[in-house]
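First comes the structure, then the notes that go with it.
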There are 2 protein chains.
Amino acid sequence: MAPVKNGRVIFNEIPSGYPDPNKTVIYDESEIIDPDTVPLNGGFIVKTLVISIDPYMRGRMRDPSVKSYSPPFPLGEPIANHAVGVVIRSENPSVKPDLTGLRILENKEGLPWSAYVGIAGMPGQTAYYAWKEYAAAKKGETVFVTAGAGPVGSAVIQIAKSEGLKVIASAGSEEKVAFLRSIGVDVAFNYKTTKTAEVLAKEGPIEIYWDNVGGESLEAALEYANKNARFLECGMISVYNTEPYPIKNLMNVVSKEIKLYGFLVFSLHEKYEEEFYREWPKRVASGEIKYTEDAKQGLKETGQAIYEVQKGLNKGKSVIVVSSE
Amino acid sequence: MAPVKNGRVIFNEIPSGYPDPNKTVIYDESEIIDPDTVPLNGGFIVKTLVISIDPYMRGRMRDPSVKSYSPPFPLGEPIANHAVGVVIRSENPSVKPDLTGLRILENKEGLPWSAYVGIAGMPGQTAYYAWKEYAAAKKGETVFVTAGAGPVGSAVIQIAKSEGLKVIASAGSEEKVAFLRSIGVDVAFNYKTTKTAEVLAKEGPIEIYWDNVGGESLEAALEYANKNARFLECGMISVYNTEPYPIKNLMNVVSKEIKLYGFLVFSLHEKYEEEFYREWPKRVASGEIKYTEDAKQGLKETGQAIYEVQKGLNKGKSVIVVSSE
């Protein structure tokens, strides 16, 4: 193999609101390596095929003095996220993944590799794990899912439908609302043109709320929750880039005995990971579980993809295709 | 027995902010009954000894069109709450309590009857039940208790201390803060003169938050919660009479994987009631569990007592002594 560019996406500037497609991260291809000769020091070298772009990454683009659950991206260094790659050379005969978070994908189901950073990767796990752990869903109950057209939301919706629930789901464009209908959502609406509170007043009360957005949607969910509702607090994209919406109706938590479960997917890995890989990719491969993808070609598109994900402009799970097998 | 006044406290006016001591409820003693001859229709007649005045009663003083967990007090009718009384005549030989919420008190421990509407009644149950159900407390952890000098808060504090936790607690006067210290609170403060956020920044992070007040305290608890903190959402007196404080930092629920458990004491009765009466009054009678009482003499004091409880002016569990045995 001849020397190749070892492209990297550098964290260049802490954004104050939405990330800037051209400034927050910058693509750098100044580093050239020869995969055949670069020292491996007992490890292995991976050629990246596809990289995931996820909403939570915004939280890592922060001043390092601010503590949070995920480590901040160091300024001037490459950013990192979930990816799928192939080992092209190794000094470790078993290619045993000795780094936290690595997994050898067998892919007996023959899914596209990109599925393993989306529906069959972290977002799919998020939906699968937390639903099992916290939803306590019963057939005939009603669930409200925000960001329903995203990779987490659409997985939650399809799990809920497979268990016989009524699903109310919101998204931010007519195209996404059409996708929601195509995956079986009973009440799909565009939250930019229809008030969430009005929909829930009519179609609620809800027994389960899957929260990806926080803010005004959370307020409406509290208002139209049924007694003993379960709120799965997965994310709050409405507060990642803009001033948080002030919530004033938390007394509903007491009076309706609502339970709010904040969670992070990696805390549930140990309990559910093997079961997930055993069951879930099969359901995706069979076509039972549908998904959409918004693939950009080339690492230099990362800044734009990050921006679109924060703005909700992506049309499916956002991935960067870096190379082919 | 000669005819007696059958005093009643009538719900007279829906308050818009704090209840008015003279207008919200009014005392009426126009009804005269002869306990010896009044028809019992197969039931029994009870002479009330002591009545509880509780914060949650504010929620019942509402427009009946507003739904909530507790039924609204009907305007022009007597209000009702937890009380202790003696059966003075009965046409029911077993005095079997066939009305929901009645219980025959054996009082083998010889507690004052008023204790059974306070530390050994609903407020004590609230603390005892919910701590068992939701706190998942471990020795050495830190709990923050708001309205710590109230009957619920002070029971929570003493349970937490008996299990080896560090206790931070707030109250609204220096006298109450002194009481907090007397029951073993490690860090007691007056939230009117010291900012909760500052105390928690210094003495936190907290693993458990017992919320009796909501609002700014809840915001501070979210900010200074540790990973996997449990929030026991018992009440929010800060929103009962005034405009709710807007909460903007709920993203902490996700990032710290906080669990918020909204609950009402009566939902936990079935699981814990017998255990409570078996164990708890003994601990109170032995002096291990301390409590304070703010007793007013006579039913006509009800309006004033209701007002003081909403304002936090009471100096101990508020009770109305109606008569003696």
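Quick note on labels: first sequence line is chain A, next is B, and so on, each numbered from 1.
Not one N or O on the side chain of K259(A) forms a donor-acceptor pair closer than 3.5 Å with the backbone of L260(B).
For a residue to count as touching a neighbouring chain, one of its non-hydrogen atoms must lie under 4.5 Å from one of that chain's; by this rule K227(B) touches chain A with the side chain only. In this structure, chain A has no heavy atom under 4.5 Å from any part of F231(B). If you measure heavy-atom distances from I258(B) to chain A, the contacts under 4.5 Å come from the backbone alone. Proximity to chain B (any heavy atom under 4.5 Å) is shown, for Y56(A), by neither the backbone nor the side chain. Of the two parts of S68(B), only the side chain, counted from C-beta on, holds a non-hydrogen atom closer than 4.5 Å to a non-hydrogen atom of chain A.
For the pair E257(A) and Y261(B), the minimum side-chain heavy-atom distance is 4.5 Å or more.
Note: N249(A) CG to I247(B) CD1 = 10.5 Å, rounded to the nearest 0.5 Å. S255(B) OG to K67(A) NZ: the interatomic distance, rounded to the nearest 0.5 Å, is 13.0 Å.
Top candidate by heavy-atom pairs under 4.5 Å with chain B, chosen from L264(A), D211(A), V253(A), is L264(A). Interface check for chain A: of the options E243(B), K256(B), M236(B), E233(B), the most heavy-atom pairs under 4.5 Å are formed by M236(B).
Heavy atoms from other residues, nucleotides or ligands lying under 6.0 Å from NZ of K138(A) number more than 12. Taking a 6.0 Å sphere around OH of Y307(A), one finds it holds 12 or fewer heavy atoms contributed by other residues, nucleotides or ligands.
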